[in-house]
Amino acid sequence: QVQLGESGGGLVQAGGSLRLSCAASGRAFSSNAMGWFRQAPGKEREFVAAISWSGGRTVYVDSVKGRFIISRDNAKNMVFLQMNSLNPEDTAVYYCAAAAGSGYVGDLRLRAADLYTYWGQGTQVTVSS
C-alpha cells in the first residue's frame, strides 16, 4: 500500500510561482508512474501532468505547457510540480497520484485518471488577479 501527502499550496498573485511536493509512505514507489490532477470549484477533475516510472518521459495538459514542470526523486519517494507564470485559471485543489505496478505506459495512458490507484488528499492553490 502507498499513502500520498501533498504540500506547498497557498495564495499567490498572478504571474507568481509555487512548488508543490508529494511525499509517499508505506512502500517505495520508484517503479510507478506519477501524476498531478486538479479540480476547480464547480468543475470536473482535470489532468495536469504526469511522469513515467523511469522519469524519462513527461506529459502535460496544453494549458500548462511551458509553465509547469513535473519531476521526481525516487530515492526520497517524492514527486514535485513547479508552477510558474500562474494565472487565476490555475486556481484549484491539486492532487498527486501514483499508478500501481511497473513497466512501460504510453503517453495517452499517463493522462487517464483510471491509471492511478493511490491518491493524496489535495492541496489548495489560489491565484489572485
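Between Gln124 and Thr126, the closest side-chain pair of non-hydrogen atoms falls below 4.5 Å. In this structure, Ile69 and Leu81 have side chains that are not in contact, with every pair of non-hydrogen atoms separated by 4.5 Å or more. With a 4.5 Å cut-off on side-chain heavy atoms, Thr91 and Val125 do not count as touching. The shortest side-chain heavy-atom distance between Leu4 and Trp119 does not fall under the 4.5 Å cut-off.
Remark: Asn84 pairs with Ser17, Gln82 by the side chain to side chain donor-acceptor pair (under 3.5 Å) rule, at least two apart or across chains. Take Asp62 and apply the side-chain contact (heavy atoms from CB on, under 4.5 Å) test, not counting sequence neighbours, and it matches Lys65. Partners of Thr117 by side-chain contact (heavy atoms from CB on, under 4.5 Å), not counting sequence neighbours, listed by chain and number: Ala100. Applying the side-chain contact (heavy atoms from CB on, under 4.5 Å) test to Ser7 and every residue at least two apart in sequence or in another chain returns Ser21. Taking the side-chain contact (heavy atoms from CB on, under 4.5 Å) definition, one finds that Val105 meets it with Arg109, Leu110, Leu115, sequence neighbours left out.
The distance from atom OG1 of Thr58 to atom CZ of Phe68, rounded to the nearest 0.5 Å, is 14.0 Å. Rounded to the nearest 0.5 angstrom, Ser128 OG and Leu86 CG are separated by 10.5 Å. Residue Arg72 holds its CZ atom at 9.0 Å from CG of Asn77, rounded to the nearest 0.5 Å. Between atom CG of residue Asn87 and atom OG of residue Ser129 there is a gap of 10.5 Å, rounded to the nearest 0.5 Å.
Residues in residues 44-79 take part in no disulfide (SG to SG under 2.5 Å) pair, two or more places apart or across chains. Counting only residues at least two apart or in different chains, disulfide (SG to SG under 2.5 Å) contacts with residues 98-129 are absent. Note on residues 38-74: no pairs pass disulfide (SG to SG under 2.5 Å), not counting sequence neighbours. Counting only residues at least two apart or on different chains, no salt bridge (charged side-chain N to carboxylate O under 4.0 Å, His left out) pair has a member in residues 92-103. Contacts classified as salt bridge (charged side-chain N to carboxylate O under 4.0 Å, His left out) and involving residues 86-100 (residues at least two apart or in different chains) are given here: Arg38-Asp90, Arg67-Asp90. For the disulfide (SG to SG under 2.5 Å) condition, the pairs that include at least one residue of residues 82-122, sequence neighbours left out, are Cys22-Cys96. Among residues at least two apart or in separate chains, there is no salt bridge (charged side-chain N to carboxylate O under 4.0 Å, His left out) pair with a member in residues 6-21.
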Item to check | Criterion side chain to side chain contact (heavy atoms under 4.5 Å, CB included) on Met83 and Tyr94, from CA distance to verdict | outcome: CA-CA 11 Å; Met83 305 186 296; Tyr94 284 70; 3.8 Å; yes
Next on the checklist: Would Arg57 and Ile51 count as a side chain to side chain contact (heavy atoms under 4.5 Å, CB included) here? Give the steps.
Outcome noted: CA-CA 6 Å; Arg57 291 182 296 117; Ile51 187 166; over 6 Å; no
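The minimum heavy-atom distance between Val2 and Ala24, with the atom names listed, is CG1-CB, 4.2 Å.
In this structure, Phe37 and Tyr116 have perpendicular ring planes: the angle between them is above 60°, well past the 30° mark.
With a 6.0 Å cutoff to the six-membered ring centre and a 45° limit on the axis angle, Arg45 does not count as a cation-pi contact of Trp36.
Remark: the backbone N or O of Tyr60 is paired with a side-chain donor or acceptor of Arg111 at under 3.5 angstrom. Formation of a donor-acceptor pair under 3.5 Å by the Thr123 side chain with backbone atoms of Gly9 is found in this model.
Enclosure of atom CD in Glu46 by more than 12 non-hydrogen atoms of other residues, nucleotides or ligands within 6.0 angstrom is indicated.
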